[in-house]
Amino acid sequence: MKNIIVTGGAGFIGSNFVHYVVKHQPEVHVTVLDKLTYAGNRANLAGLPEDRVELVVGDIADSQLVNQLVAKADAVVHYAAESHNDNSLKDPSPFIQTNLVGTYTLLEACRLHGVRFHHVSTDEVYGDLPLREDLPGHGEGVGEKFTDQSPYNPSSPYSASKAGSDLLVRAWVRSFGLQATISNCSNNYGPYQHIEKFIPRQITNILSGNRPKLYGDGKNVRDWIHTEDHSAAVWLILTKGHIGETYLIGANGEKNNKEVLEDILTLMGQDPHDYDHVKDRPGHDLRYAIDATKLETELGWRPQFTNFEEGLAHTIQWYTDNQAWWQAEKAAVEAKYAENGQ
Ligand code: NAD
Ligand code: TDX
């Protein structure tokens, strides 16, 4: 695999993957296809060698451009998406266009040119789980985390559009013999994450002198994974995964939002209770939790960033050291939330 296309490679997880490939796979050339929406940023690829990484600014739903690029590639790793649940509740239309029509366009090009496809998706396609405190035995039993056998049950326009895109990939494998794999990962954290998302929003609130904002009672649980562990898993699945298979990626990182926020405040030297409770997200998923046994036993993957507080401290340091990366956008992001009472 010498020439790969990374769609959405100027966004949060895609750019971390490009950095990962440049560092660990010296023989691979990466073409990033990215529309540079509000969430994409050239600066995320700054400093990478020009002979190893090329940025093509364009839309994954542009079939002419996509065909031209795919014809020269060995594989497509598909990260590009509209990715924020709150935005999908305000206006679902770009989610349908990019996540469904865009994915369809890539699938057709890969089918035409016989190119390997890896689809990056989310655990949110499975809906949510009850809180552990509401489960008999506090959720230690079998079947209380998501596996690749869990039924699809998405809650938001975002997660429904990702669920739809997963099903398109499965159909292209079965009906057309497309050489594809799918991964569904839990919540990522790390550098280059847009400040609309929970962890960077709160870090940059504190750095800006704003009070952090917690939705509802903060009992909702997310299963956090460092984005570097996600990248390693995607590379492994791309190169060693079984065609047609779905792999769930997670690092046993369940924490409720209140705990995460209090950790951030403590690590930043603030009173851990110094935040506002704001309006809850409509349809807010209660809990996500991944069972990654298949990835571990079939492909030998293990997460490396297992200390959440340490990873969080590094992430706080990154936003502290890179204020120019986010400061210009902060006021507009907060104004949009304020319109919503959040
Ligand atoms: P992001 O919003 O930070 O980045 C998305 C990137 O896609 C941006 O660079 C944007 O410019 C680009 N893009 C959007 N529409 C495009 C289009 N039509 N054509 C070309 N490029 C386009 O998102 P992220 O958090 O990095 O998520 C990346 C992928 O990983 C998504 O598919 C998401 O569903 C999935 N995922 C995210 C998480 C998470 O915790 N953030 C967890 C699991 C899976
Ligand atoms: O200000 C906030 N306060 C708050 O309490 C924000 C922005 C969020 N929250 C809560 C909502 C969620 O329970 O924090 C949790 C995480 O929120 P987000 O960062 O918006 O992530 P989430 O909705 O869980 O989705 C993320 O993980 C799965 C990504 O954005 C998706 O792209 C991915 O598929």
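Counting starts at 1 for both ligands and their atoms, in listed order.
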So which heavy atom in the protein is nearest [atom], and how far is it from that ligand atom?
atom	answer
atom 5 (O) of ligand 2	Tyr215 N, 2.8 Å
atom 11 (C) of ligand 2	His284 NE2, 3.4 Å
atom 28 (C) of ligand 2	Glu124 OE2, 2.9 Å
atom 32 (O) of ligand 2	Ser83 O, 2.8 Å
atom 1 (O) of ligand 2	Arg201 NH1, 2.7 Å
atom 16 (C) of ligand 2	Phe198 CB, 3.6 Å
atom 10 (C) of ligand 2	Asn257 ND2, 3.5 Å
atom 26 (C) of ligand 2	Asn187 ND2, 3.4 Å

Please check whether [X] reaches ligand 2 - meaning an N/O of the residue sits under 3.5 Å from an N/O of the ligand, judged on distance alone.
X	value
Glu196	no
Arg281	yes
Tyr288	no
Asp123	no

Would [X] count as being in polar contact with ligand 1, using the rule that some N or O on each side must be under 3.5 angstrom apart?
X	value
Ile60	yes
Thr37	yes
Asp34	yes
Ala61	no
Lys197	no
Asn188	yes
His78	no
Phe12	yes
Tyr38	no
Cys185	no

### Task
Check whether any side-chain heavy atom of Leu214 lies under 4.5 Å from a side-chain heavy atom of Asp276, and answer yes or no.
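Side-chain contact under 4.5 Å: no.
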#### Entry: Side-chain heavy atoms of Val76 within contact of Arg116, under 4.5 Å
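Heavy-atom side-chain distance check fails, nothing below 4.5 Å.
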Can you tell whether the side chains of [X] and [Y] come within less than 4.0 Å, N to carboxylate O?
X	Y	answer
Glu133	Lys219	yes
Glu108	Arg111	yes
Lys336	Asp86	no
Arg287	Glu144	no
Lys35	Glu82	no
Glu334	Arg201	yes

Which one of [options] has a non-hydrogen atom at the shortest distance from [atom]?
atom	options	value
atom 3 (N) of ligand 2	Lys213, Lys258, Gln342	Lys213
atom 14 (C) of ligand 1	Ser15, Ala81, Ala39	Ala81
atom 37 (C) of ligand 1	Asp62, Ile13, Thr122, Asn16	Ile13

### Task
Any salt bridge (charged side-chain N to carboxylate O under 4.0 Å, His left out) involving residues 237-252? Give me the pairs, sequence neighbours left out, ordered by first then second residue.
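Applying salt bridge (charged side-chain N to carboxylate O under 4.0 Å, His left out) to every pair that reaches into residues 237-252, excluding sequence neighbours, yields Glu245-Lys294.
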If the cut-off is 4.0 Å to any non-hydrogen atom of [X], which atoms of ligand 1 fall inside it?
X	answer
Ser121	43 (C), 44 (C)
Ala10	9 (O)
Gly58	19 (N), 20 (C)
Val120	30 (O), 32 (O)
Leu36	11 (O)
Tyr158	33 (C), 34 (O)

#### Entry: Atoms of ligand 2 close to His84 [distance to a heavy atom under 4.0 angstrom, numbered from 1]
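So the answer, numbered in order with elements, is 20 (O).
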### Task
Run the numbers on Trp235 and Ile4 for side-chain contact (heavy atoms from CB on, under 4.5 Å), then give the verdict.
CA-CA 11 Å; Trp235 181 261; Ile4 65 171; 4.2 Å; yes
### Query
Does Lys162 have a heavy atom less than 4.0 Å from any atom of ligand 2?
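The answer is no: ligand 2 sits nowhere under 4.0 Å from a heavy atom of Lys162.
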### Task
Answer yes or no for Gln202: is there a heavy-atom contact with ligand 2 below 4.0 Å?
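Checking ligand 2 against Gln202, which is what was asked, there is a heavy-atom contact under 4.0 Å.
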Within reach of ligand 1, part of [X] (heavy-atom separation under 4.0 Å):
X	result
Lys162	side chain
Ser186	backbone
Thr7	neither

Ring-ring centroid check [X] [Y], cutoff 6.0 Å:
X	Y	value
His84	Tyr158	no
Tyr126	Tyr288	no
His19	Tyr192	yes

### Message
Please enumerate all residues that pass side-chain hydrogen bond (donor to acceptor under 3.5 Å, both in side chains) together with His78, with sequence neighbours excluded.
### Response
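So His78 forms a side-chain hydrogen bond (donor to acceptor under 3.5 Å, both in side chains) with Thr7, Thr103.
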### Task
Check each of Leu286, Asp285, Val125 against Ser155 using the side chain to side chain contact (heavy atoms under 4.5 Å, CB included) test, and report the only one that passes.
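Looking at Leu286, Asp285, Val125, the match for Ser155 under the side chain to side chain contact (heavy atoms under 4.5 Å, CB included) is Asp285.
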### Message
Would you call the rings of Phe176 and Trp172 parallel, tilted or perpendicular, taking 30° and 60° as the class edges?
### Response
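Because their plane-to-plane angle is over 60°, the rings of Phe176 and Trp172 count as perpendicular.
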### Query
With a distance cut-off below 6.0 Å to the six-membered ring centre and an angular limit of 45° from the axis, does Arg281 pair with Tyr215 as a cation-pi contact?
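Arg281 over Tyr215 ring: no.
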### Message
Let's go through Phe305 and His314 carefully: what are the C-alpha distance in whole Å and the side-chain angles of both, what is the deciding distance for ring pair (Phe, Tyr, Trp, His ring centres under 6.0 Å) to 0.1 Å, and is it a yes or a no?
### Response
CA-CA 11 Å; Phe305 294 77; His314 283 135; 7.9 Å; no
### Message
Can you see whether Ser186 engages Asp223 through a side-chain donor-acceptor pair at a distance of less than 3.5 angstrom?
### Response
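No pair is found: no donor N or O on one side chain lies under 3.5 Å from an acceptor on the other.
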### Task
Evaluate salt bridge (Lys or Arg N to Asp or Glu O under 4.0 Å) for Glu259 paired with Arg222, printing each intermediate quantity in order.
CA-CA 11 Å; Glu259 290 172 300; Arg222 297 295 181 263; over 6 Å; no
### Query
Out of Tyr38, Trp326, Phe12, which residue meets the ring-ring contact (aromatic ring centres under 6.0 Å, His included) rule with His194?
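The passing option is Tyr38.
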